[in-house]
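All figures in this text were calculated on a predicted structure; none of them were measured in a lab. Just so we're on the same page: letters track the sequence lines, and every chain starts at 1.
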Amino acid sequence: MRLATWNVNSVRARVDRVVAFLERSQTDVLAIQETKCRDEQFPVAAFEAAGYEVAHVGHSAWNGVAIASRVGIADVATSFPGQPGFAKPTAPAATDDAPAEAPEPEPAALLDVPPPVEARALGATCGGVRVWSLYVPHGRAIGDPHYAYKLAWLGALRDAAAGWLDADPAAQVALMGDWNVIPLDTDVYDPAAFAGHTHVTPAEREAFAAFADAGYTEVTRQHLPAEHTYTYWDYQQLAFPRNKGLRIDFAYASPRLADRVTGVVIDRDERKGKGASDHVPVVLDVAAPAT
DNA sequence: ATGGTGGGAATCCCA
């Protein structure tokens, strides 16, 4: 079986490329991030025509995660237990004409309603594997509320994932997606360029490493340990021709699933040409389970 | 050279 993950940066803008990748790579289950659409906007027909069922969660033009599978798709979950939400700050900025005043409280704040859970995690059981398509919050800037949200989100996911292994040490779980963390200095073209930025802080790196502490193996590093192996290149500044990339797309596997992974491929060619996503697919080859 | 790219609900926001 072949499992893959790919941040496609709008599934509607790239549906032809995504379906062509599925057929070319013979991927059975694809975890998709940044679909950038609502459920009713997802181009399901193109996937079904290629033989894939789709589960998706998307609330707006932002975020959105999906799983496409040709080996079944069951027990879909549109968030993980304890997944934190995020609300945009609503206070208007002070100006010369309008000095800072007490902002109008949002109705949600008046009612003390928790912030909405974003479309960043989708779970489904496909071919006997519990697959999670994950789009970890970016963080924006150190000290930004989004940065605290990112750390809380990763911590809550770790707690949930640890719980799944506690409940069933033989569980077949794949945590795949865009983690928005650069775990090692050798995962970025120039560490100095990220000094003072998100993705490389000790807190983010510890939050990422905590999944290994919980018993999961990051199988893409296990099989592709070479330094400066990237999965993302910015659209700007000719980053891809200059190979100024980042390694931020990963797959943590539970012990029993990690045992089955026989190889990993990063499909670097998918970054080439007109209409490419800024991320490329990461593909896992998974052997049949031991009988 | 103070821009640069590419998505989206778009004369702005987000990555």
Side-chain angles (χ1 to χ4, degrees), chain A residues 5-21 31-43 46 56-66 84-93 95 103 106 115-121 133-151 153-154 177-183 187-190 193-201 204 208 230-250 268 270-282:
Chain A
T5 182
W6 190 9
N7 179 322
V8 300
N9 185 22
S10 172
V11 70
R12 288 178 291 170
R14 242 168 296 287
V15 57
D16 292 346
R17 273 186 93 125
V18 176
V19 172
F21 160 76
I32 304 170
Q33 299 86 41
E34 273 208 273
T35 61
K36 289 187 166 176
C37 66
R38 299 187 301 274
D39 291 342
E40 67 271 22
Q41 297 174 306
F42 194 100
H56 175 253
V57 59
H59 306 311
S60 70
W62 311 122
N63 313 311
V65 284
F86 184 73
K88 284 184 179 178
T90 54
T95 67
E106 286 291 294
V117 172
E118 296 184 309
R120 293 182 176 274
S133 179
L134 304 168
Y135 180 42
V136 176
H138 178 281
R140 296 181 186 163
I142 298 167
D144 190 291
H146 208 260
Y147 177 77
Y149 168 52
K150 177 182 194 174
L151 295 176
W153 201 97
L154 282 167
D178 174 0
W179 292 75
N180 268 319
V181 176
I182 300 168
D187 293 329
V188 50
Y189 61 94
D190 178 12
F194 271 74
H197 291 265
T198 61
H199 294 55
V200 298
T201 65
E204 289 165 283
F208 182 81
Y230 304 133
T231 63
Y232 163 92
W233 297 260
D234 199 286
Y235 285 122
Q236 301 181 56
Q237 299 281 110
L238 298 173
F240 183 61
R242 293 171 176 167
N243 198 29
K244 295 174 77 169
L246 310 176
R247 187 171 192 169
I248 55 177
D249 299 274
F250 300 100
R268 194 178 187 284
E270 192 51 64
R271 186 64 179 79
K272 297 176 180 175
K274 194 171 173 62
S277 172
D278 41 4
H279 297 249
V280 294
V282 179

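Residues A:D178 and A:A13 each lie close to DNA chain B; by heavy-atom proximity, the contact nearer the 5' end of the strand is made by A:A13. A residue-by-residue look at A:D278 and A:N9 shows that A:N9 has its nearest nucleotide of DNA chain B further toward the 5' end.
Distance from the side chain of A:R14 is smallest to B:dG7 among B:dA9, B:dG4, B:dG7. For A:Y235, taking side-chain heavy atoms from C-beta onward, the closest of the listed nucleotides B:dT5, B:dA15, B:dG7 is B:dT5. Here B:dG7 is the nucleotide among B:dG7, B:dA15, B:dA9 with the atom lying nearest to any side-chain atom of A:S10. The nucleotide whose nearest atom lies closest to any side-chain atom of A:Q237 is, among B:dA15, B:dG4, B:dA9, B:dG4. The side chain of A:Q236 has B:dT5 as its nearest neighbour among B:dG7, B:dC14, B:dT5. Side chain of A:H146, nearest nucleotide from B:dA15, B:dG6, B:dC13: B:dA15.
For the side-chain hydrogen bond (donor to acceptor under 3.5 Å, both in side chains) with A:E118, the lone residue among A:Y135, A:W153, A:Y149 that qualifies is A:Y149. Evaluated for a side-chain hydrogen bond (donor to acceptor under 3.5 Å, both in side chains) with A:D178, the options A:T231, A:N7, A:N9 yield exactly one hit, A:N7.
Rounding to whole angstrom units, CD of residue A:Q41 and P of B:dA9 are separated by 6 Å. Between A:Q33 atom CD and B:dG8 atom C1' there is a gap of 18 Å when expressed in whole angstrom units. The nearest whole Å value for the distance from the NE2 atom in A:H279 to the P atom in B:dG6 is 15 Å. Between A:D249 atom CG and B:dA15 atom P the separation is 15 Å, expressed in whole Å. A:R17 places its CZ atom 12 Å from the P atom of B:dG6, with the value rounded to the nearest Å. To the nearest angstrom, P of B:dA15 lies 8 Å from CH2 of A:W62. Rounded to whole Å, the distance from OH on A:Y147 to P on B:dA15 is 16 Å. Distance, A:L238 CG to B:dG3 C1': 13 Å, rounded to whole Å.
Residue A:Y232 is classed as having no contact, given no heavy-atom separation below 4.0 Å to the nucleic acid.
Residues A:E270 and A:S277 have side chains that never bring a donor and an acceptor to within less than 3.5 angstrom of each other. A side-chain donor-acceptor contact under 3.5 Å links A:D39 and A:H56.
Annotation: B:dA1 and B:dC12 have their C1' atoms spaced 25 Å apart (nearest Å). Look at the P atom in both B:dT2 and B:dA10: the space between them is 30 Å, to the nearest Å. Taking the P atom of each, B:dC14 and B:dA9 are spaced 15 Å apart, rounded to whole Å.
A:Y147 and A:I142 make their closest contact through CG-CA, 4.1 Å (heavy atoms, listed as atom of the first residue, atom of the second, distance).
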